[in-house]
Amino acid sequence: MSEPWIVEERGGYRYPPGLKLNLPLYLSRRFFRIGNPILLFEHLTKTYGRMAHYRVGPSDIVLVNEPDFIREILIVQAQSFIKERTQKRMKILLGEGLITSDGENHKRQRRIAAPAFHRQRIQAYGSIMVERAAAMRDAWREGAEIDVSTEMMRLSLEVVARTLFAQEVTADILSINHEVNAIMKLYNFLIALPRAEDYLHLPIPGLMRFRRARKRLDEVVYRMIAEHRAAGVDRGDLLSMLLRSRDEEQDHAGMSQDPSGLTQEQLRDEVLTIFLAGYETVANALSWTWMLLAQNPEAEAKLHAELDRVLCGRLPTLDDLPKLRYAEMVLAESVRLYPPAWAMGRQATRDITLGPYLLPAKTFFFFSQYIIQRSAEHFPDPLRFDPERFTPERKARRSKFVYFPFGAGSRQCIGEAFAWMEATLVLATIAQRWRLRLIPGQRLEVQPKITLRPKYGIRMLPGLRVVSPCGEASAENPGF
Ligand code: HEM
C-alpha cells in the first residue's frame, strides 16, 4: 500500500489516527446502539485505513488491518502479547482451557493436547464423519424445507460427541448443547457488564441463570470424565487420549495426574473448550458454504462434477481427500467470506513498536479476518465467490496474513486438520446426493457472536441430484 502512515504523537507515544471521543460516547453520538461490532470495524477501516486507534475508558485499543503487523503480533513479537484480558469473559465459561490460558500454562497444555490432534489419530474419525453426514442426507426429503444452520449444528455436534467422548448424542450431550446455548444468550449481557466476572456470585436473575446453566454443564462434563476414567480403556476418542497423555518435556504428569489437585478442573476446562471450539465453528463454515453454493450455480456444478468423477457414486473416504481439490477450494473461499472466527485479540505486556508506531504496554490489538479477507487490495472483487482464488499458484502469491481463518503462530487452531477433514467429508457426502436451493425472500445476515452465525438461520429446499455415471459430466434433476 502506497499511502503514507499517519502518526499522532501523545505523551511520548506514537499512535495511529482514530476516534477523538471515548468509544461509548462516540457510539452514543454516531450509531446510538451498536449490536454488531463488525459495523464498527468496517467504519474504522473505511475512515482510517490500515490502523485505527480508539479508547474504551482508560484502555487503548488498536484495530490492525496491516498484514505485516499482524505477523509481528502473532509471530515475531508474540512473546510480548497475551490473550489474558481479551479472553477474560470467556474464562467465565471455559476456565483455563487451551483457548484462554497463557504463557507456560498454555505451552504445557498444548504439548499435552497435541497428540490427540495428531493427523494419524484424527484419521480414525473420518469414517464417523461420513457416517453421520450420510445419516443426515438419508433423513432429508425432496422439497421439504430445512434450516441448514440447525442441521449443520446438529451434525457437527454428533461428530464431536462421537470423536471427543466416543458417545452417541445422548441426553447428556444434548444438555451440554442446551446449557451452552442458554449461556450464549446471556453472553452479550455479560460482556456489556463491566467487570462481570467480579459480580457473578450476586443474586441477579441473569447471573443466577448463568450460574445454574454452568453448574449443569459442569455436572455432565465431570460425569463423562469420571466414566471414562473408571472404564480405564482407550476408546479411541479425544478424551481417552487426553486422559492418557503425559507432558514428556516437563514433569511427565498428564492432565489426569496433576499433583496440584486441579486435574478434574483442568480436564473439564479442556474438554469444554475443545467441545465448543470444535462444533460451532465447523457448523457455521458448512452453513455459509451451502448458501454460497446455491448463490453460485457455476461453482456448484464444478463441485458436483468433481464429486461424481472422484467418487463414482460411492461414499467418500479419507483416501479421497487429496483428490477432492475443488471441494477444498470451495470451503477455503467460503471461510474467506464468512470466517467462523471473525476476529482475534491480544494485549501487549510491554511497549510495542509496529512500523512507525509506538504503543504503550497494556494496549489491546484487534484484527478481524472478516475485514481483512474482504479487502479489495488483497482479494480483487472481494465479495465475489470465486474458489479459483485458492489454486496452489494463487495461494503461493499471497501473504499468509491476508488470509488466516485458523489464526497463526504458536496459538494457531489445534483443530485445523480436524476441521478441514470434517468439512470436506460432510460437503462431499451431502452434495453428492442433494442440491440445496435458498427459500426466496429470507433475510441472510451475519451475527458476530463468539463465532460468525447466520442471524436468522438459512432456510433451504433439498432437491435430489442425478449422479452421473462415473467419468461423465454431472446432471441435475431438470424438474428442480
Ligand atoms: C472451521 C473451523 C474452525 C475455525 C475457523 C477455527 C478457528 C480458530 C482460530 C482463529 C483460533 C486461534 C484463536 C487465537 O489465536 O486467538 C483457534 C484456536 C483453537 N481452536 Fe479452532 N477453529 C476451527 C475448528 C476447530 C476444531 C474442529 C477444534 C477442535 C476439535 C478447534 C479447537 C481449537 C482450540 C483448542 C484452539 C486454541 C488453540 C491454542 O490457543 O493453543 N478448532 N481456532
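Note that this is a predicted model, so its numbers are computed, not measured. Whatever order the structure lists them in is the order used to number ligands and atoms, beginning at 1.
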Atoms of ligand 1 close to A419 [distance to a heavy atom under 4.0 angstrom, numbered from 1]: 2 (C), 24 (C)

Specify side chain, backbone, both or neither for P405, according to which of its non-hydrogen atoms lie closer than 4.0 Å to ligand 1. backbone

With a 4.0 Å cut-off on heavy atoms, is H106 in contact with ligand 1? yes

Near I274 (heavy-atom distance under 4.0 Å), the atoms of ligand 1 are 29 (C), 30 (C)

Under the 6.0 Å and 45° cation-pi test, does R336 pair with F379? yes

What I want to find out is whether R453 reaches D147 closely enough, with some N-O distance under 4.0 Å, to be called a salt bridge. no

Would you check the N or O atoms of R110, main chain and side chain alike, for any that come under 3.5 Å of an N or O of ligand 1? yes

Heavy-atom proximity to atom 1 (C) of ligand 1, picking from F117, F406, W420, points to F406

Please report whether ligand 1 has a polar contact with R411, defined as an N or O pair separated by less than 3.5 Å (distance criterion only). yes

What atoms of ligand 1 come closer than 4.0 angstrom to any heavy atom of M344? 14 (C), 15 (O), 16 (O)

Not counting sequence neighbours, which residues clear ring pair (Phe, Tyr, Trp, His ring centres under 6.0 Å) with Y15? List them please. H53

Any non-hydrogen atom of F275 lying under 4.0 Å from ligand 1? no

Closest approach of S287 to V148 (non-hydrogen atoms, all atoms of both residues): OG-O, 3.7 Å

If you measure every N/O of K83 against every N/O of ligand 1, is any gap under 3.5 Å? yes

Geometric cation-pi criterion, R398 with F390: 6.0 Å, 45°: yes

Aromatic plane relationship, F69 with Y357 - under 30° parallel, 30 to 60° tilted, over 60° perpendicular: perpendicular

For A341, take its heavy atoms, then give the atoms of ligand 1 lying under 4.0 Å from any of them. 7 (C), 10 (C)

Going by the atom numbers of ligand 1, which of them fall below 4.0 Å from some non-hydrogen atom of F418? 27 (C)

Can you check which of L94, V159, I99 brings a heavy atom nearest to atom 37 (C) of ligand 1? I99

Evaluate the ring planes of F165 and H228, with Trp represented by its six-membered ring, and classify them as parallel (under 30°), tilted (30 to 60°) or perpendicular (over 60°). perpendicular

State which residues pass side chain to side chain contact (heavy atoms under 4.5 Å, CB included) with A114; sequence neighbours excluded, sorted by chain then number. none

Please verify the inter-ring angle class for F404 with F401; under 30° counts as parallel, over 60° as perpendicular, anything in between as tilted. tilted

What is the ring orientation for F406 with W420, classed by angle as parallel under 30°, tilted 30 to 60°, or perpendicular over 60°? tilted

Please determine whether any non-hydrogen atom of V335 lies less than 4.0 Å from an atom of ligand 1. no

For R346, is the nearest heavy atom under 4.0 Å from an atom of ligand 1? yes

